[in-house]
Amino acid sequence: MKQIIMRPELHKFNTCAQFTEEFGLGEGDLILTNEYIFKPFFGSLGLKVATIFQEKYGAGEPTDVMVDAIIADAAKTNCDRIIAIGGGTVIDIAKVLAVTNGESVDSLYDHVSNLEKKHELIILPTTCGTGSEVTNLSIINRTRAGTKTGLASEQMFANHAVLIPELLNGLPFGVFATSSIDALVHAVESSLSPKATPYTKLFGYKAIEMIITGFQKIVAEGRDCMPALMEDFLIASNYAGLAFGTAGCAAVHAMSYPLGGTYHVAHGESNYAMFTGVLKNYMEIKQDGEIAVMNAYLAGLLGCETDKVYDKLEELLNQLLPKKALHEYGVTEEEIETFTDAVMNTQGRLMANNFVPLDADCVRKIYKELY
Ligand SMILES: [Fe+2]
């Protein structure tokens with residue numbers, strides 16, 4: 001059984017200047033990022049690199065049309081290395097750029113089993129949630145094929161993942177809240193997964209501790225303490241990425257996709273809408289095993305009895321991001337059936353990692369309870 005995948009070499013720097021010097025950034029390098037990140041952090045460093053600003057190709061999640069346009073412009077730069085500096089969208093696109101010299105998204109999906117790495121890939125996350133810098137999955141909305149599916153290949157792992165806490169300075173509070181809750185969900189879901197191992201749990205449980213104690217500090221002391229905590233949150237997100245990169249995410253993510261996709265709810269927020277609802281239903285089915293370990297661990301962190309952990313956790317998280325019922329997003333009662341079908345028909349990869357199997361009746365019940 002696979003214990004843990006640790007592919008990119010990990011680095012951490014205090015400043016962006018230290019990173020560019022150590023990695024010798026210059027000609028032959030292409031930085032894929034957003035202008036609002038590049039300008040303040042790299043604009044004054046006088047780098048002789050090519051740049052592509054993702055937002056010039058469209059807003060929101062990566063689509064085949066957006067990525068093909070970026071692939072074409074990247075090919076014109078004749079770069080050797082790709083340096084991705086950004087959140088989930090930028091990182092997902094960069095993983096694709098690493099395996100193409102101009103070939104389109106469709107052709108990459110057609111040849112997914114024998115993709116080759118064409119460029120060295122260096123990833124610098126600028127949010128503290130996805131953990132995507134240490135995974136090999138890229139999710140592209142294939143508008144032409146009418147599907148949103150992941151492209152994953154061994155060749156899409158970064159060569160280097162680089163953590164620079166200062167890149168998180170200026171992260172809007174809402175983005176901080178949704179992305180760090182996403183990281184917490186990665187850590188919890190992967191630790192409860194049947195594919196969890198002592199190695200993934202080492203990273204998963206530590207990430208849970210760092211995120212919860214960080215949230216408690218923010219709630220107790222106010223947002224002024226946040227800059228000093230960004231390094232912890234960035235590392236915790238990376239730990240959670242290492243955990244779910246091997247052990248996988250599960251029903252919380254699976255059930256959040258229909259909500260996020262239909263009502264354009266941020267990934268971390270749609271996860272939060274499902275989070276404790278799924279955990280409570282696991283507990284109704286099975287009270288021992290890893291969930292008992294998890295609840296005891298959460299009780300210790302939250303200072304409560306084990307039977308109160310989900311309510312206490314929600315009480316804490318609500319102070320960063322108030323939880324909403326599904327109807328508040330516009331979901332209708334009839335849609336519960338559509339959502340349930342979507343989960344059962346298209347999210348098998350994630351649903352296979354559930355702590356206990358959940359059938360359509362369970363999924364429908366959870367949606368109804370959260371409605
Ligand atoms: Fe996630």
Side-chain angles (χ1 to χ4, degrees), residues 88 129-132 135 137 139 150 177-196 200-201 204-205 207-208 211-212 215 236-237 240-241 243-263 265-286 289-291 294-295 297-298 309-311 313-314 316-318 320-326 329 331 336 339-340 342-344 346-360 362-371:
T130 66
S132 181
T135 66
L137 173 71
I139 296 181
T178 54
S179 59
S180 49
I181 289 174
D182 184 32
L184 178 64
V185 174
H186 293 157
V188 171
E189 289 217 279
S190 64
S191 297
L192 294 175
S193 161
K195 282 160 43 190
T200 66
K201 285 191 272 186
Y205 279 99
I208 293 167
I211 294 168
I212 288 183
F215 284 166
S237 161
F244 91 83
T246 301
C249 288
V252 177
H253 272 73
M255 292 184 63
S256 87
Y257 282 123
L259 174 66
T262 313
Y263 291 99
V265 181
H267 174 71
E269 181 171 347
S270 57
N271 274 337
Y272 183 37
M274 311 298 160
F275 190 27
T276 53
V278 169
L279 297 177
K280 284 176 186 166
N281 275 270
Y282 284 160
M283 272 299 281
E284 284 178 22
I285 299 167
K286 179 173 159 67
E290 196 63 35
I291 202 153
M294 173 67 65
N295 290 353
Y297 189 76
L298 290 172
V309 281
Y310 303 141
D311 295 334
L313 182 59
E314 218 159 82
L316 175 66
L317 300 185
N318 276 344
L320 292 108
L321 178 73
K323 181 180 166 178
K324 288 203 251 174
L326 298 185
Y329 291 106
V331 178
I336 289 176
F339 281 16
T340 303
V343 170
M344 300 315 292
T346 66
Q347 300 295 338
R349 179 181 65 87
L350 291 166
M351 295 293 280
N353 301 331
N354 290 340
F355 171 64
V356 284
L358 300 178
D359 61 13
C362 294
V363 170
R364 191 181 299 110
K365 171 177 176 285
I366 298 170
Y367 275 135
K368 281 189 177 160
E369 287 168 4
L370 297 170
Y371 180 74

Peer 1: Y310: which residues meet the ring pair (Phe, Tyr, Trp, His ring centres under 6.0 Å) condition with it, sequence neighbours left out?
Peer 2: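 Residues passing ring pair (Phe, Tyr, Trp, His ring centres under 6.0 Å) with Y310: none at all.
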Peer 1: Step by step, work out the side-chain contact (heavy atoms from CB on, under 4.5 Å) result for I366 and M274.
Peer 2: CA-CA 8 Å; I366 298 170; M274 311 298 160; 5.7 Å; no
Peer 1: Among all residues two or more places apart in sequence or in another chain, which pass the ring pair (Phe, Tyr, Trp, His ring centres under 6.0 Å) test with Y367?
Peer 2: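 With neighbours one apart ignored, the set is F339.
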Peer 1: Do L259 and E269 have side chains that get closer than 4.5 Å, going by heavy atoms?
Peer 2: no
Peer 1: Which residue pairs satisfy the salt bridge (Lys or Arg N to Asp or Glu O under 4.0 Å) criterion with at least one member in residues 253-263, sequence neighbours excluded?
Peer 2: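 Listed by first then second residue: nothing to list.
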Peer 1: Decide side-chain contact (heavy atoms from CB on, under 4.5 Å) for N318 and Y272; before the verdict, give the C-alpha distance in whole Å, the side-chain angles of both, and the deciding distance to 0.1 Å.
Peer 2: CA-CA 10 Å; N318 276 344; Y272 183 37; 2.8 Å; yes
Peer 1: S270 side chain to H267 main-chain N or O, any donor-acceptor pair under 3.5 Å?
Peer 2: yes
Peer 1: Taking all non-hydrogen atoms of both residues into account, name the closest pair between D182 and G268 and its distance.
Peer 2: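 Heavy atoms of D182 and G268 come nearest at CB-CA, 4.0 Å.
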Peer 1: Are the ring centres of F355 and Y282 closer than 6.0 Å?
Peer 2: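 Ring-ring flag for F355/Y282: true, centres closer than 6.0 Å.
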Peer 1: I'd like to check the side-chain hydrogen bond (donor to acceptor under 3.5 Å, both in side chains) partners of Q347; sequence neighbours left out, ordered by chain and number.
Peer 2: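 Q347: no side-chain hydrogen bond (donor to acceptor under 3.5 Å, both in side chains) contacts found.
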Peer 1: Has the side chain of N354 got a donor or acceptor atom that lies under 3.5 Å from a matching backbone atom of A251?
Peer 2: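 Confirmed, N354 side chain pairs with A251 backbone.
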Peer 1: For K365, give me all partners under side-chain hydrogen bond (donor to acceptor under 3.5 Å, both in side chains), at least two apart in sequence or on another chain.
Peer 2: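 K365: side-chain hydrogen bond (donor to acceptor under 3.5 Å, both in side chains) contacts with N281, E284, E369.
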Peer 1: Do the non-hydrogen side-chain atoms of T246 and K195 ever get within less than 4.5 Å of each other?
Peer 2: no
Peer 1: Rounded to the nearest 0.5 Å, how far does CD1 of I212 lie from OG of S180?
Peer 2: 11.0 Å
Peer 1: Could you tell me which non-hydrogen atom of M351 sits nearest to which non-hydrogen atom of L358, and how far apart they are?
Peer 2: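 Looking at all heavy atoms of both residues, the shortest contact is CE-O, 3.8 Å.
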Peer 1: Look up atom CD1 in I211 and atom CD1 in I181, then write down how far apart they are to the nearest 0.5 Å.
Peer 2: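 Interatomic distance, I211 CD1 to I181 CD1, rounded to 0.5 Å: 9.5 Å.
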Peer 1: What are the two closest non-hydrogen atoms of T200 and A243, and how far apart are they?
Peer 2: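 That closest heavy-atom pairing would be O-CB, 3.4 Å.
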Peer 1: Looking at every heavy atom in both P357 and I285, which two are closest together, and how far apart are they?
Peer 2: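 The answer is O-CD1, 4.4 Å.
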Peer 1: Side-chain contact, heavy-atom cut-off 4.5 Å: L370 with K323?
Peer 2: yes
Peer 1: Is there a donor-acceptor pair under 3.5 Å between the side chain of S191 and the backbone N or O of K201?
Peer 2: no
Peer 1: My understanding is that only residues two or more places apart in sequence, or in another chain, count here; which of them pass salt bridge (charged side-chain N to carboxylate O under 4.0 Å, His left out) with K280?
Peer 2: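 Partners of K280 by the salt bridge (charged side-chain N to carboxylate O under 4.0 Å, His left out) criterion, ordered by chain and then number, come out as D311.
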Peer 1: Does the S237 side chain pair with the main chain of G129, one donor and one acceptor, at a distance under 3.5 Å?
Peer 2: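 Indeed, once roles are kept as given, a pair shorter than 3.5 Å links the two residues.
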Peer 1: Could you pull out all residues at least two apart from K368 that satisfy side-chain hydrogen bond (donor to acceptor under 3.5 Å, both in side chains)?
Peer 2: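 If we apply the side-chain hydrogen bond (donor to acceptor under 3.5 Å, both in side chains) test to K368, skipping adjacent residues, there are no hits.
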Peer 1: Within the side chain of T346, is there an N or O that forms a donor-acceptor pair under 3.5 Å with the backbone of A342?
Peer 2: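 Present.
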Peer 1: Checking K286 now: which residues fulfil salt bridge (charged side-chain N to carboxylate O under 4.0 Å, His left out) with it, not counting sequence neighbours?
Peer 2: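 If we apply the salt bridge (charged side-chain N to carboxylate O under 4.0 Å, His left out) test to K286, skipping adjacent residues, the hits are D288.
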Peer 1: Check whether any side-chain heavy atom of M294 lies under 4.5 Å from a side-chain heavy atom of L279, and answer yes or no.
Peer 2: no
Peer 1: For C249, give me all partners under side-chain contact (heavy atoms from CB on, under 4.5 Å), at least two apart in sequence or on another chain.
Peer 2: H186, E189, F244, H253, L350
Peer 1: Excluding sequence neighbours, so at least two apart, what forms ring pair (Phe, Tyr, Trp, His ring centres under 6.0 Å) with F275?
Peer 2: none
Peer 1: Yes or no on side-chain contact (heavy atoms from CB on, under 4.5 Å) for L184 and L317, after CA distance, side-chain angles and deciding distance?
Peer 2: CA-CA 10 Å; L184 178 64; L317 300 185; 4.1 Å; yes
Peer 1: Please report the closest heavy-atom contact between V252 and V185, naming both atoms and the distance.
Peer 2: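 Smallest interatomic distance, heavy atoms only, reads CG1-CG1, 3.7 Å.
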Peer 1: Answer yes if the side chains of Y257 and N271 hold a donor-acceptor pair under 3.5 Å, and no otherwise.
Peer 2: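 Short answer, no.
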Peer 1: Determine, step by step, whether T276 and E314 satisfy the side chain to side chain donor-acceptor pair (under 3.5 Å) criterion, reporting the C-alpha distance in whole Å, the side-chain angles of both residues, the deciding distance to 0.1 Å, and the verdict.
Peer 2: CA-CA 8 Å; T276 53; E314 218 159 82; 2.2 Å; yes
Peer 1: Has the side chain of N353 got a donor or acceptor atom that lies under 3.5 Å from a matching backbone atom of G248?
Peer 2: no
Peer 1: For Y371, enumerate each residue passing the side-chain hydrogen bond (donor to acceptor under 3.5 Å, both in side chains) test, keeping only those at least two apart in sequence or located in another chain.
Peer 2: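 Listed in chain order: nothing, the list is empty.
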Peer 1: If the condition is side-chain contact (heavy atoms from CB on, under 4.5 Å), which residues does A187 pass it with, not counting sequence neighbours?
Peer 2: A207, I208, A240
Peer 1: Using every non-hydrogen atom in the two residues, find where L321 and A177 come nearest and quote the distance to one decimal.
Peer 2: CB-CB, 4.4 Å
